[in-house]
Amino acid sequence: MEFLHIDKSMEELRESFKSRRTRSVAWRKSQLKGLLRLLEEKEEEIFRALQEDIGKPRVEAYRDEVAVIKKSLDLSLACLEEWMASKKVRVPIIAFPTSGEVVPEPLGVVLIISSWNCPFGLSLDPLVGAIAAGNAAVVKPSELAPASSAFMANNLPNYLDNKAVKVIQGGVSVTEQLLDKKWDKILFTGSARVGRIVMTAAAKHLTPVILELGGKCPAIYDTLSSSMDTRVAMNRIALGKWGLCSGQICIGIDYLLVEERNASSLVNLLKDQIKKSYGDNPREISMTRIINKHHFQRLRSILKDPKVAASVVHGGSMDEDNLFIEPTILMNPPLDSDIMTEEIFGPLLPIITLEKIEDSIEFISSRPQPLAIYVFTKNETLKKRVISETSSGSVTFNDCIIQYVLDTLPFGGVGQSGFGKYHGKFSFDAFSHEKAVLRRSFITEFSFGYPPWNDYKLRFIRAAFSFDYIALFLLFVGLKRS
Ligand code: NAD
């Protein structure tokens with residue numbers, strides 16, 4: 001039954017793309033405006049769905065989901081014609097008379113598979129790019145956020161062209177059926193484990209993929225001499241660990257690196273910060289809850305390891321009925337324990353001490369490339385070394401997460417944290433093919449380009465490819481004479 005539904009949807013999507021209507025500026029703008037209207041008219045329902053799925057506070061729901069998508073929509077609407085325009089390129093004189101341009105064209109029918117932690121943002125933000133680029137699209141939200149998924153399936157058809165943009169709900173078996181089909185691009189947000197499944201399925205059809213994965217994002221905390229800077233750093237570190245989805249976020253801080261001599265004062269500062277943000281009583285803390293029992297138990301079992309449990313220096317209390325885990329700090333848990341080898345994706349913060357802060361570079365570069373690195377420092381040499389000696393999707397100095405909302409920066413990973421990028425104009429590019437167009441005239445024609453071959457023609461071609469215009473001229477004169 002589900003199979004027939006997917007087949008019928010695919011047929012409709014292909015027909016819509018073939019009809020060429022998704023290519024017009026008018027269609028793209030009407031869809032983007034439709035999405036904007038949906039966000040404006042249904043904001044309260046979106047908040048409710050996020051509350052139901054994951055207990056997301058309204059501020060986080062607005063900031064991390066609604067505002068992020070609206071910002072992309074506003075930018076796409078403002079820049080659409082400019083992005084769609086072909087771009088002239090310079091062509092070398094040897095090709096004279098010739099003109100060249102790059103023409104963006106939509107890819108076709110694309111698939112967006114998303115995760116549960118930002119179910120709207122991670123489904124609809126990529127969709128903005130897919131629509132802006134003129135594609136038909138399917139969004140497959142995570143089954144672990146069922147209220148958000150159902151909201152999108154029920155509401156998108158009322159605001160968008162339902163024959164060209166569809167939401168298909170379901171879990172593993174539906175995703176497997178979708179992956180069996182031929183797509184023109186797949187943007188997947190989720191774990192590396194499922195990323196491999198997606199890429200394997202895509203390979204069968206030679207479908208290009210963008211994998212937005214996760215990993216362990218480190219933060220480096222260097223000595224900050226001013227108390228004002230330290231206060232600001234604590235606000236930002238606490239937000240980067242606990243202030244988005246209770247740490248269930250791909251670009252959240254996974255662990256913190258600090259010099260031994262600063263470790264105990266850092267713990268005290270963080271404890272104060274937790275108290276300031278969430279109060280004294282863990283039972284009254286208002287935070288996004290852990291998504292489900294499975295993930296709650298996963299996090300609990302990380303802490304059950306006796307050596308890890310012994311390293312807890314703050315927090316650690318849990319409430320399974322309410323899927324709540326208190327902001328928790330650990331000091332030097334074993335580096336071979338799950339907490340330091342697996343992505344944490346929860347409110348646990350291991351602090352690892354180093355003799356010198358410069359050792360953090362080796363610590364990070366000897367592990368898989370993370371999606372983000374955060375460095376709190378005023379040391380310019382350290383900044384330069386982090387940029388040049390480590391590899392990651394992004395590096396942010398003296399703040400966390402903020403890079404996610406800057407449209408001028410590409411968002412994506414490298415190595416184990418994924419590949420491909422989107423956000424801002426990069427989203428448009430992610431779902432476009434940049435077609436090379438070259439226009440030649442019939443005016444000039446040189447015989448050196450055609451057989452029969454001889455040494456003279458070889459010298460001519462050699463000079464042409466090395467742009468040696470003097471040699472070319474001399475050869476040209478010689479060729480004319482011969
Ligand atoms: P997940 O990989 O379990 O699921 C992601 C999607 O894949 C869901 O839509 C799910 O239905 C589907 N899926 C699950 N198992 C599948 C299977 N066997 N075959 C086909 N499809 C399958 O990830 P998750 O738990 O939803 O999200 C957490 C992970 O996502 C973390 O690793 C996190 O770092 C990463 N993440 C990355 C970003 C980013 O932008 N880079 C954003 C959010 C989350």
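Just follow the structure's listing: the first ligand is 1, and inside any ligand the first atom is 1.
Atoms of ligand 1 found under 4.0 Å from any heavy atom of E343, numbered from 1 in the order shown, are 31 (C), 32 (O), 33 (C), 34 (O). Atoms of ligand 1 lying under 4.0 Å from any heavy atom of L371, numbered from 1 in the order shown and given with element: 41 (N). Short contacts between ligand 1 and F411, defined as distances under 4.0 Å to a heavy atom of the residue, involve ligand atoms 40 (O). Close approach to E212 involves these atoms of ligand 1, each under 4.0 Å from a residue heavy atom: 37 (C), 38 (C), 39 (C), 40 (O), 41 (N). Against a heavy-atom cut-off of under 4.0 Å, T175 is close to the following atoms of ligand 1: 11 (O), 20 (C), 21 (N). Atom numbering of ligand 1 starts at 1 in the shown order; those under 4.0 Å from a heavy atom of K140 are 8 (C), 9 (O), 10 (C), 11 (O). Heavy-atom contacts of F188 reach the following atoms of ligand 1: 2 (O), 5 (C), 6 (C), 7 (O) (cutoff under 4.0 Å). The I113 neighbourhood of ligand 1 comprises atoms 6 (C), 7 (O), 9 (O), with distances under 4.0 Å to a heavy atom of that residue.
Regarding atom 39 (C) of ligand 1, its nearest protein heavy-atom neighbour is C250 SG, 3.2 Å. Here the protein heavy atom with the shortest distance to atom 17 (C) of ligand 1 is V172 CG1, 3.7 Å. The protein heavy-atom contact nearest to atom 11 (O) of ligand 1 is E143 OE1, 2.5 Å. Scanning all protein heavy atoms for the shortest distance to atom 24 (P) of ligand 1 gives W116 NE1, 3.5 Å. When only non-hydrogen protein atoms are considered, atom 2 (O) of ligand 1 lies nearest to S191 OG, 2.6 Å. Closest to atom 9 (O) of ligand 1, if we only count protein heavy atoms, is S114 O, 2.7 Å. Among all non-hydrogen protein atoms, the one lying nearest atom 13 (N) of ligand 1 is V194 CG1, 3.7 Å. Looking at atom 27 (O) of ligand 1, its nearest protein heavy atom turns out to be S115 CB, 3.3 Å.
A donor-acceptor distance shorter than 3.5 angstrom exists from the side chain of K241 to the backbone of G346, with no hydrogens or angles considered. The closest donor-acceptor contact from the side chain of T408 to the backbone of L406 lies at 3.5 Å or more, if one exists at all. When atom types are taken as modelled, the side chain of N135 and the backbone of P106 share no donor-acceptor pair closer than 3.5 angstrom. Put simply, the side chain of Q416 never gets that close to the backbone of Q369: no donor and acceptor are under 3.5 Å apart.
With M234 as the fixed residue, the side-chain contact (heavy atoms from CB on, under 4.5 Å) test singles out one of L269, D272, I274: L269.
Relative ring orientation between W116 and H295 is described as tilted, the plane-to-plane angle lying within the 30° to 60° band. Taking the six-membered ring for Trp and thresholds of 30 and 60 degrees, F428 and W83 have ring planes inclined between 30 and 60 degrees apart.
Here's the thing with Y422: none of its N/O atoms is less than 3.5 angstrom from an N/O atom of ligand 1. The shortest N or O to N or O distance between E176 and ligand 1 is not below 3.5 Å. Considering backbone and side-chain atoms alike, N117 places every N or O at 3.5 Å or more from each N or O of ligand 1. Polar contact with ligand 1: present for G190 (N/O pair, distance under 3.5 Å). In terms of polar-atom proximity, defined here as any N/O pair under 3.5 Å, L213 does make such a contact with ligand 1. Not a single N or O atom of T189, backbone or side chain, sits closer than 3.5 Å to an N or O atom of ligand 1. Close N/O approach between H295 and ligand 1 is not found [any backbone or side-chain N/O within under 3.5 Å].
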*In sequence, state the C-alpha distance, the side-chain angles, and the governing distance for Y422 and F431, and then conclude on ring pair (Phe, Tyr, Trp, His ring centres under 6.0 Å).*
CA-CA 9 Å; Y422 72 117; F431 289 106; 8.0 Å; no
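Contacts of C118 with ligand 1, taken as heavy-atom pairs under 4.0 Å, are absent altogether. Heavy atoms of L122 found under 4.0 angstrom from ligand 1 belong exclusively to the side chain.
Checked for salt-bridge contact, R298 and E342 miss the test: no charged N lies under 4.0 Å from a carboxylate O. Salt bridge annotation for K8-E12: present, with a cationic side-chain nitrogen under 4.0 angstrom from a carboxylate oxygen. A salt bridge does not link D125 with K71: every distance from a Lys NZ or Arg NE/NH1/NH2 to an Asp or Glu carboxylate oxygen is 4.0 Å or more. Comment: E81 engages K29 in a salt bridge, judged by a side-chain N to carboxylate O separation of less than 4.0 angstrom. The pair K181-D7 meets the salt-bridge criterion, with a side-chain N (NZ, NE, NH1 or NH2) lying under 4.0 Å from an Asp/Glu carboxylate O. At a threshold of 4.0 Å, the pair K383-E380 counts as salt-bridged, since one of the basic side-chain nitrogens sits closer than that to a carboxylate oxygen.
Residue G413 places no heavy atom under 4.0 Å from ligand 1. The shortest separation from a heavy atom of G418 to ligand 1 is not under 4.0 Å, leaving the residue out of contact.
Remark: R367 is positioned above the aromatic ring of F363, its terminal NZ or CZ atom under 6.0 angstrom from the ring centre and at most 45 degrees off the axis.
At a cut-off of 3.5 Å, with distance as the only test, a side-chain donor of R21 or S19 sits close to an acceptor on the other residue.
Distance remark: protein heavy atom not present below 4.0 angstrom from atom 4 (O) of ligand 1.
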